[in-house]
Amino acid sequence: MSGGAVSIHWFRKGLRLHDNAALLAALKGAKQVYPVFVLDPHFAKPEFVGVVRYNFLLESLRDLDKSLRTLGSRLYVLKGKPLQALEEKFKEWEVTRLTFERDTEPYAKLRDTQARELAEKHGIEVITTVGHTLHDPEQYIAKAGGADKIPLTYSSFGTLFRRLGKVPAALSAPTKEDFPQSSTLVRTDALDDHRFDVPSLKDMGYEWNDDEHEVRFPGGETEALERMRRHLQRKAWIAHFEKPKTSPNTLEPSTTGLSPYLKFGCLSPRLFYHELARVYAEYRDHAKPPVSLHGQLLWREFFHMCGYAVKNFDRMEGNRICRQIDWDTNDALLAAWENARTGYPWIDACMTQLRREGWLHHLARHAVACFLTRGDLYQSWEKGAQVFDRLLVDADWHLNSANWMWLSCSSFFYQYFRVYSPVAFGKKTDPSGAYIRKYLPQLKAFPDKYIYEPWKAPPGVQRSCGCIIGKDYPEPIVDHAEVSAANKARIRACYDALKQAEKAKKTTTKDAKSSGGASKRSSAQSSAKLKKTKTASSKR
DNA sequence: TTGGGAGTTGTTCAA
DNA sequence: GTTGAACAACTCCCA
């Protein structure tokens, strides 16, 4: 038997050929390489991953397959539980090496640990690399001095980021020559085996309805690179981009729209980072973090680090950085929000865009998240995060949890008295309500004066617009002025209670300290007690 | 230990 | 149209 490895490169995120260290590791000295994607039934559920995102995934796989075929290879799509599917191929293909990019989501971490153990049991070499973030999340934690010492503000994260040094360069995509040449291949039959083709949405149990959904972001690395290059050509725009100055309700995205590609790894964050740096180098007055495009990548980095370091990051309970707030549970309110029936056109238009396109401008996400939680409906951020996680084409576990905690004043941000108005906020950038008219056509005929508050239109106006409020479009589900004031008071009470508890704990710690010294307890015992108290108090 | 400064992206109203 | 202050007062971080 001739030498050389038989590799599986396991794609999960990182659906790209450029800047793919794990793929390059699979190719190195290999006589045969199987680029594999496993369609895990864990994710293939419409109630868990919405059709827009699943479609994006399949398009990305198709693009990957196409690119690999130009290099004399292909993508092997397997179906089923990843461990089972892989083990089958380990044996059948006589695999000697498994490579993949590290993934820091809880489900992925467990899956990958098990996959590594399984591979090693079969005597297979396992190589993993880091490529989903600019730096390895482990490095941030190590540099900070432990998971419980990570910075929890953006500016202190910035210091940590700089301490890690330069962002590694993006690697080039492999060429045809990097792939095993056909003469060395052990087997070629699988190259044309249609069982490994990318399935259709229908094959995966999804229904696509053109009336309900729209592809705003075609999946794949090819599209990702094209989009990035297209934006980079507008150098002045790139250089002076400031996120808070972009509008949440333009009919075309006012931002780069690269988030879905970063989520699936169709675009390398390192490549984007260095490409931006090249443009910045030409402009002395370029924008800076946190508002610049570099700043956006740093936010992503910051939240990835937090999600990696903090246990139960996607929940309130057992999450040391999340404030415990007495959210209400009202399924009717939650459903009205989710289904765009709050009676506030700005909120409902946003939710319609989310359901239809799987995407919303960042500030629109703020508006609807604030509305669901501390602003109006006082429902738990976890519920909202679950809806976003299902519907967003760019849903990222770390960013989603972090942003929901932010908007609900559960962590990172605490100025609960700053509430987005479901009427005024959208008006600032779209006074005539073109955005609302697009997503809520039933309100199309309302004059500008009433488009954000149609319930204020006199009955005659409603009749002439062909839309009676309370019949053709809902009445406002809550009175914003009333509930937002009440909610502020509730959050304030929660904060106060937490402050009191904190105070009490501090006193206890003090007492423990002084009595510990007096009674000459063993140092190990007292330090254990102190540590425990510290952990408890940091839970807030 | 404590106080001051900073914090990507609020709203309303007056000048 | 833009700017600034008042609203009420949050936390984290660092010196």
Side-chain angles (χ1 to χ4, degrees), chain A residues 144-145 148-161 163 240-250 254-256 286-303 306 310 320-323 325 346-347 350 360-371 373-376 399 402-431 452-453 480-481 483-503 506-507 509-510 513 537-540:
Chain A
D148 54 345
K149 302 244 173 48
I150 54 158
L152 291 173
T153 62
Y154 184 81
S155 46
S156 50
F157 171 76
T159 309
L160 179 63
F161 176 76
R163 283 174 62 206
H240 300 122
F241 179 96
E242 291 187 21
K243 183 69 157 280
K245 288 186 182 163
T246 58
S247 162
N249 41 13
T250 46
S254 59
T255 48
T256 64
H286 69 82
K288 299 262 163 40
V291 292
S292 65
L293 283 168
H294 259 181
Q296 304 314 302
L297 284 172
L298 293 198
W299 280 106
R300 179 176 183 270
E301 202 75 359
F302 173 41
F303 288 149
C306 293
V310 175
R320 74 173 176 90
I321 69 162
C322 180
R323 303 208 139 186
I325 294 173
W346 158 242
I347 298 296
C350 288
L360 271 183
H361 184 280
H362 190 62
L363 292 177
R365 299 182 197 200
H366 277 215
V368 298
C370 183
F371 187 88
T373 57
R374 66 187 168 87
D376 295 78
L399 307 190
N403 280 311
W404 274 94
M405 280 191 267
W406 182 295
L407 263 305
S408 61
C409 282
S410 298
S411 197
F412 303 113
F413 178 78
Y414 306 92
Q415 287 168 274
Y416 57 81
F417 38 85
R418 289 192 181 174
V419 175
Y420 289 86
S421 159
V423 172
F425 186 69
K427 243 186 217 176
K428 280 191 293 187
T429 43
D430 180 25
Y452 284 87
E453 301 167 284
H480 172 70
V483 294
S484 64
N487 292 349
K488 276 180 205 167
R490 286 182 72 173
I491 300 259
R492 189 181 172 176
C494 277
Y495 276 24
D496 281 348
L498 290 162
K499 236 186 275 180
Q500 292 303 319
E502 184 92 338
K503 226 180 182 175
K506 255 190 193 148
T507 317
T509 313
K510 240 184 200 167
K513 252 186 192 169
S537 68
S538 70
K539 267 182 185 159
R540 297 193 278 225

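The figures that follow rest on heavy atoms only: side chains count, while hydrogens, waters and symmetry mates do not. As the structure is a computational prediction, the values presented were derived from the model and not from experiment. The sequence lines fix the lettering, A, B, ..., with proteins before strands; numbering per chain opens at 1.
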Report yes if at least one side-chain N or O of [X] is closer than 4.0 Å to OP1 or OP2 of [N]; otherwise report no.
{"X": "A/Arg323", "N": "C/dT11", "result": "yes"}
{"X": "A/Lys499", "N": "C/dC10", "result": "yes"}
{"X": "A/Lys428", "N": "B/dG10", "result": "no"}

Partner of [N] by Watson-Crick or G-U wobble geometry, both contacts under 3.5 Å, or none?
{"N": "B/dT9", "result": "none"}
{"N": "C/dA9", "result": "none"}
{"N": "C/dG1", "result": "none"}
{"N": "C/dC14", "result": "B/dG3"}

Of all the nucleotides listed ([options]), which has the minimum atom distance to the side chain of [X]?
{"X": "A/Ala424", "options": "C/dC10, B/dT12, B/dT8", "result": "B/dT12"}
{"X": "A/Gln415", "options": "C/dT11, B/dT8, B/dG7", "result": "B/dG7"}
{"X": "A/Phe425", "options": "C/dA9, C/dC10, B/dT11", "result": "B/dT11"}
{"X": "A/Trp299", "options": "C/dC14, B/dG10, B/dT8", "result": "B/dT8"}
{"X": "A/Trp406", "options": "C/dC13, C/dC10, B/dT8", "result": "B/dT8"}
{"X": "A/Phe417", "options": "C/dC13, B/dT8, C/dC10", "result": "C/dC10"}
{"X": "A/Lys243", "options": "C/dC14, B/dT9, B/dT11", "result": "B/dT9"}
{"X": "A/Arg492", "options": "C/dC13, C/dA8, C/dT11", "result": "C/dA8"}

Under the criterion of centre distance below 5.5 Å and interplanar angle below 30°, is A/Phe413 classified as stacked on the base of C/dT11? no

So, the side chain of A/Arg374 versus the backbone of A/Ile491: is there a donor-acceptor pair under 3.5 Å, distance only? no

Are the side chain of A/Asp430 and the backbone N or O of A/Gly426 linked by a donor-acceptor pair below 3.5 Å? no

For A/Tyr495 and for A/Thr159, find the nucleotide of DNA chain C with the closest heavy atom, then tell me which residue's nucleotide is more 5'. A/Tyr495

May I have the distance from [X] (atom [atom1]) to [N] (atom [atom2]), rounded to whole angstrom?
{"X": "A/Lys149", "N": "C/dC14", "atom1": "NZ", "atom2": "C1'", "answer": "17 Å"}
{"X": "A/Gln500", "N": "C/dC10", "atom1": "CD", "atom2": "P", "answer": "12 Å"}
{"X": "A/Phe302", "N": "B/dG7", "atom1": "CZ", "atom2": "P", "answer": "13 Å"}
{"X": "A/Phe241", "N": "B/dT9", "atom1": "CZ", "atom2": "C1'", "answer": "11 Å"}
{"X": "A/Leu160", "N": "C/dC14", "atom1": "CG", "atom2": "P", "answer": "11 Å"}
{"X": "A/Leu152", "N": "B/dT8", "atom1": "CG", "atom2": "P", "answer": "13 Å"}
{"X": "A/Tyr154", "N": "C/dC14", "atom1": "OH", "atom2": "P", "answer": "16 Å"}
{"X": "A/Tyr416", "N": "C/dA9", "atom1": "OH", "atom2": "P", "answer": "6 Å"}

Taking all non-hydrogen atoms of both residues into account, name the closest pair between A/Thr429 and A/Pro248 and its distance.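 The pair with the smallest heavy-atom distance is OG1-CD, 3.7 Å.
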
Of the non-hydrogen atoms in A/Ile325 and A/Ser410, which two are nearest, and what is the gap between them? CD1-OG, 4.0 Å

Validation row, ring centre A/Phe425 to ring centre A/Phe371 under 6.0 Å: no

Sub-6.0 Å ring centroid separation between A/Trp406 and A/Phe413: yes

Please classify the nucleic acid contact of A/Val291 as base, sugar-phosphate, or nothing, using heavy-atom distances under 4.0 Å.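 If one applies the 4.0 Å heavy-atom cut-off, A/Val291 turns out to touch a base.
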
Using the [atom1] atom as the point on both nucleotides, what is the distance between [M] and [N], in whole Å?
{"N": "B/dT8", "M": "C/dA6", "atom1": "C1'", "result": "23 Å"}
{"N": "B/dG7", "M": "C/dA8", "atom1": "P", "result": "24 Å"}
{"N": "C/dC13", "M": "C/dA9", "atom1": "P", "result": "23 Å"}

Would A/His361 and A/Asn249 count as having a side-chain donor-acceptor pair, cut-off 3.5 Å? no

